[in-house]
A.B. asks: 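Provided herewith is a single structure, encoded as structure tokens, for subsequent inquiry.
Count residues from 1 along the sequence. Only this structure's heavy atoms are used, side chains among them; waters, hydrogens and symmetry mates stay out.
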Amino acid sequence: DDIRQLDKDGKIKSQIYDVPLYNQGNYKLCWAFCWVMIEETGKEIKKTQAEAEARAIEVAKEKNGDNWNDGAFSNHLSVSISCADDLYLEMMNGKPLIAYYYNGLNHDNPNVNAHEIVVTGVVMAPGHETLVMSNNPWGEKNIQSYSEFSEIPGDTSTPRMKWTMTYTPF
């Protein structure tokens, strides 16, 4: 089907949030930067990168104390996503989501890797693959097909990280 005609016919479903992108830099704080991105969602005046960095460190210190730059888990309510429709329905609940990626190794393995990103939007059209928009605290805004969303662009870990869980913020 022609995408323009589907749009005219009102058959395209989408939920897209205005989420700022903040780069975690050399910090191991993807989860805290995701937290800050979601805190800033929809605000007319958003934090600068420096302000977001200060807030992410504050959040990390609240959770991890002296070990604030250690990786952590967002610890939000996990939601079950088994298909693109599930992701769309969860996105309709009023806030972006956090997607958790993990390479499957035991947590005591030195090669274990995990990462969190913010799902900022979903677009669905009959006869076309669902598109998923995300902000990756590695400093990247991504648009991927739902099937590509199972992996993070730019991930060089071995084994590669896979999408394993989705969380609602706060």
Side-chain angles (χ1 to χ4, degrees), residues 1-24 29-49 51-52 55-56 59 72-104 113-157 159-170:
D1 291 331
D2 178 56
I3 199 77
R4 288 178 185 85
Q5 187 61 47
L6 289 171
D7 191 32
K8 284 181 189 175
D9 295 343
K11 294 183 178 177
I12 295 178
K13 300 188 300 185
S14 66
Q15 180 62 51
I16 301 170
Y17 294 101
D18 178 22
V19 181
L21 173 65
Y22 298 119
N23 190 326
Q24 75 185 64
L29 300 176
C30 59
W31 62 276
F33 278 86
C34 286
W35 182 285
V36 175
M37 285 185 234
I38 290 173
E39 282 182 340
E40 294 298 301
T41 297
K43 290 185 177 177
E44 191 171 315
I45 299 173
K46 295 179 175 42
K47 288 183 179 355
T48 64
Q49 174 66 35
E51 291 168 333
R55 175 66 180 136
V59 168
F73 197 56
S74 285
N75 240 3
H76 301 296
L77 179 64
S78 179
V79 293
S80 176
I81 307 286
S82 60
C83 64
D85 286 327
D86 290 347
L87 184 60
Y88 173 76
L89 290 172
E90 285 298 329
M91 290 293 290
M92 295 301 293
N93 284 331
K95 286 204 177 203
L97 297 171
I98 295 172
Y100 173 75
Y101 293 79
Y102 171 57
N103 70 355
N113 278 308
H115 190 59
E116 291 184 353
I117 66 171
V118 178
V119 181
T120 62
V122 177
V123 178
M124 303 177 82
H128 297 270
E129 192 162 8
T130 298
L131 296 178
V132 180
M133 278 114 333
S134 62
N135 283 3
N136 184 333
W138 290 341
E140 302 164 348
K141 284 186 174 277
N142 295 307
I143 300 175
Q144 301 168 269
S145 67
Y146 179 78
S147 60
E148 292 170 334
F149 184 66
S150 67
E151 293 187 348
I152 305 172
D155 175 24
T156 58
S157 62
R160 299 236 0 212
M161 291 182 275
K162 300 284 186 191
W163 178 32
T164 56
M165 287 185 224
T166 308
Y167 298 91
T168 58
F170 312 120

A.B. asks: Among I16, V119, I38, D18, exactly one meets side chain to side chain contact (heavy atoms under 4.5 Å, CB included) together with P96. Which residue is that?
C.D. replies: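 Exactly one candidate clears the test, I38.
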A.B. asks: Report the C-alpha distance between V123 and M133 in whole Å, list the side-chain angles of each, state the deciding distance to 0.1 Å, and finish with yes or no for side chain to side chain contact (heavy atoms under 4.5 Å, CB included).
C.D. replies: CA-CA 8 Å; V123 178; M133 278 114 333; 3.6 Å; yes
A.B. asks: Tell me, please, which residues at least two apart from D7 pass side chain to side chain contact (heavy atoms under 4.5 Å, CB included).
C.D. replies: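 If we apply the side chain to side chain contact (heavy atoms under 4.5 Å, CB included) test to D7, skipping adjacent residues, the hits are I12.
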A.B. asks: Nearest 0.5 Å please: distance from the CD atom of E151 over to the OG atom of S157.
C.D. replies: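 E151 atom CD to S157 atom OG measures 9.0 Å (nearest 0.5 Å).
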A.B. asks: Determine the sole option in I81, V79, T130 for which the side chain to side chain contact (heavy atoms under 4.5 Å, CB included) test with L87 is passed.
C.D. replies: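 Filter result, single survivor: I81.
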A.B. asks: Any idea which heavy atoms bring Y17 and T41 closest together, and the distance?
C.D. replies: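 Between these two residues, the closest heavy atoms are CB-CG2, 4.1 Å.
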A.B. asks: Quick one: pull up CD in Q15 and CG in L97 and give me the separation to the nearest 0.5 Å.
C.D. replies: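 So the gap between those two atoms works out to 10.0 Å.
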A.B. asks: Ignoring hydrogens, what is the shortest heavy-atom contact between E116 and C34? Give both atom names and the distance.
C.D. replies: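 Reported closest heavy-atom pair: O-SG, 3.4 Å.
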A.B. asks: Against the six-membered ring of Y22, is K47 placed for a cation-pi contact (under 6.0 Å from the centre, within 45° of the normal)?
C.D. replies: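 K47 over Y22 ring: no.
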A.B. asks: Could you grab the distance from atom OH of Y146 to atom CG of D85, nearest 0.5 Å is fine?
C.D. replies: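 It comes to 9.0 Å.
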A.B. asks: Is it the case that the side chain of N103 and the backbone of N113 share a donor-acceptor pair, with hydrogens and angles ignored and the cut-off at 3.5 Å?
C.D. replies: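 Looks like yes, one N/O pair under 3.5 Å.
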A.B. asks: Working to the nearest 0.5 Å, report the span between NE2 of H128 and OG of S145.
C.D. replies: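 Spacing of NE2 (H128) from OG (S145) equals 14.0 Å.
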A.B. asks: Between atom CE of M124 and atom CD of E129, what is the distance when rounded to the nearest 0.5 Å?
C.D. replies: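 Result: 10.5 Å between the selected atoms.
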A.B. asks: Please determine whether the number of non-hydrogen atoms from other residues, nucleotides or ligands lying under 6.0 Å from atom NZ of K43 exceeds 12.
C.D. replies: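 Atom NZ in K43 is crowded, with more than 12 foreign heavy atoms closer than 6.0 Å.
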A.B. asks: Please report the interatomic distance CD1(I117) to SG(C30), rounded to the nearest 0.5 Å.
C.D. replies: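 It is 10.0 Å, given to the nearest 0.5 Å.
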A.B. asks: Might you point out which heavy atoms bring E40 and I45 nearest each other, and give the distance in Å?
C.D. replies: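 In terms of heavy atoms, the two residues are closest at OE1-O, 4.0 Å.
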A.B. asks: Taking C-beta and beyond as the side chain, do N142 and E148 meet within less than 4.5 Å on heavy atoms?
C.D. replies: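 No; the side chains remain at least 4.5 Å from each other.
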A.B. asks: Considering non-hydrogen atoms only, spot the tightest contact between N23 and G139 and give its length.
C.D. replies: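 Heavy atoms only, the tightest pair is ND2-CA, 3.6 Å.
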A.B. asks: Should the ring pair H115 and W138 be called parallel, tilted or perpendicular, given that the plane angle runs from 0 to 90° and is split at 30 and 60?
C.D. replies: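 Judged by the thresholds at 30° and 60°, the geometry between H115 and W138 is parallel.
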A.B. asks: Can you tell me if R160 uses its side chain to pair, donor with acceptor, with the backbone of I152 under 3.5 Å?
C.D. replies: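 Checking the backbone N and O of I152 against the side chain of R160, a donor-acceptor pair under 3.5 Å is found.
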A.B. asks: Please name all residues satisfying side-chain hydrogen bond (donor to acceptor under 3.5 Å, both in side chains) with K141, sequence neighbours left out, ordered by chain then number.
C.D. replies: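 With sequence neighbours excluded, K141 shows a side-chain hydrogen bond (donor to acceptor under 3.5 Å, both in side chains) to N135, given in chain and number order.
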A.B. asks: Kindly give the heavy-atom pair with the smallest separation between W163 and Y101, and that separation in Å.
C.D. replies: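 Of all heavy-atom pairs spanning W163 and Y101, the closest is N-CD2, 3.3 Å.
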A.B. asks: Would you say that more than 12 heavy atoms from the other residues, nucleotides or ligands in this model lie under 6.0 Å from the CD1 of I143, or not?
C.D. replies: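 Count not over threshold, so no.
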A.B. asks: Hey, mind stepping through I98 and M37 against side chain to side chain contact (heavy atoms under 4.5 Å, CB included) and telling me if it holds?
C.D. replies: CA-CA 10 Å; I98 295 172; M37 285 185 234; over 6 Å; no
